[in-house]
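Written out below as structure tokens is the structure these notes cover.
Computed from a predicted model, the values in this text were never measured in an experiment. This chain uses plain numbering: 1 for the first residue, then up along the sequence. All values below come from the heavy atoms of this structure, side chains included, with hydrogens, waters and symmetry mates left out.
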Amino acid sequence: MARRYISAVVIVVGLCGLVSCQSEWVIGRATPFGARPWEWDIHQGSCGYNYLWPDIGSGWDVASIPDGHTSFSGSCGRCYEVACHPSTFADGFANKVDRRFSCRDPSWSLVVRTTDACPCNHPANGFENKRWCCGDMDHLALSVWAFEKLAPLESGSMGLNRNFSGFALGALRPAGADKKVTMKPNMGFSGGFSDGWEDKSNNVEPMVDVPGPSGGSAKCARILPGGAFSLGTSDGQFVGRVSLEAWIRTEDGIPGVAVDVQGEMGPCASIKLSELSASGGQEAGFSKYTIYLGVFDKALQEVQLVRAFAATFKGCGGNQPAQVNTIQFQNNESIPIDFCVDSVKLI
């Protein structure tokens, strides 16, 4: 059977430790991790990688391996190709689990990077770890973001086909693969408006554009009180996305604007950029912000929770993801704000 590959968003060779290819698939099982109540789980892995950027390497498609697994030694950074396997298997207490009908498509596969251990003895989560991580069967815990690409999260577990990934992430789509599933970043602005996007700004005064992090020209404008720099697009661009990323510069270095998304049913929640921390480095006065789309359907006090277990966008403000069509940076202050933006994209 031809296997289809679900690609990482951005490919960075070298993030996964390369090992010799294994010619045969190992049949096992998988469970999800990284959601409530274990907030920030994937960013606190025992391998010490700390925060995992969603658009670098395998992103949040990561795995933890039982500490009693025969491949545990030296597993940090190791990559596995994984696919859902329709099967019935037992948990660590010998209870039968029927997952013959849980796979989204057994021909789909993706590559995950090992970033954590699943200890057999873990007092904080003793029952579940004893159930899955004590070596009775080949097992991987997959991040919720990886798991839900292969099987619904509500299934709680799935049969798994696992193989060492003996290729770098850049080779996820080998020549001759006849069917591929690829989610590339949806770029709204990068040195200019991308295809399918347009300037929908209102109550702004144009300014001289400046060089931006994209290598092209950043879009600059003076946003008057009540005005907004807005990017409009056709419906459907937000489907399957997790986060909004943008490089932003303001005159005082602290963004005084609020960001929201809107759709056919109206606006969603508005979040002040000054309430968020920049998510990346700085370049030419620009700071990178990664805003998980779930915050636009949450109260501000829930932003930290949304960051911790962000998953595919479910919509906001009464809009389904397919109905959301606008990104807006709005000036809610009483004075004009000089504003520049570049590399606006949906991930």
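For Met265, the CE atom counts as loosely surrounded, since its 6.0 Å shell holds 12 or fewer non-hydrogen atoms of other residues, nucleotides or ligands. Heavy atoms of other residues, nucleotides or ligands lying less than 6.0 angstrom from CG of Asn95 number more than 12.
Because its NZ or CZ atom is not both nearer than 6.0 Å to the ring centre of Phe229 and within 45° of the ring axis, Arg222 does not count as a cation-pi partner of that residue.
Taking the centre of each ring, Tyr289 and Phe329 stay at or above the 6.0 Å mark.
Taken together, Cys268 and Cys316 meet the criterion of an SG-SG distance shorter than 2.5 Å.
Of all heavy-atom pairs between Val112 and Ala63, the closest is CG2-CB, 3.9 Å.
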(message) Show, in sequence, the C-alpha distance, side-chain angles and deciding distance for Asp342 and Ser214, and conclude whether the side chain to side chain donor-acceptor pair (under 3.5 Å) test is met.
(response) CA-CA 7 Å; Asp342 195 17; Ser214 67; 2.8 Å; yes

(request) Go through the steps for Cys133 and Cys118 under the test disulfide (SG to SG under 2.5 Å), then give the verdict. (result) CA-CA 6 Å; Cys133 298; Cys118 184; 1.7 Å; yes

(request) Determine, stepwise, if the pair Lys272 / Asn332 fulfils side chain to side chain donor-acceptor pair (under 3.5 Å). (result) CA-CA 9 Å; Lys272 287 186 176 181; Asn332 292 325; over 6 Å; no

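In this pair, His43 and Tyr51 present their aromatic rings parallel. The plane angle is below 30°, not in the 30 to 60° band.
Note on Trp108 and Ile27: separate hydrophobic clusters, where clusters join Ile, Leu, Val, Met, Phe, Trp and Tyr whose side-chain heavy atoms are under 4.5 Å apart, directly or indirectly.
When only modelled atom types and interatomic distance are considered, Asn325 and Thr233 share no side-chain donor-acceptor pair under 3.5 Å.
Each of Ile65, Thr114, Thr31 was checked for a side chain to side chain contact (heavy atoms under 4.5 Å, CB included) with Leu140, and the lone residue meeting it is Ile65.
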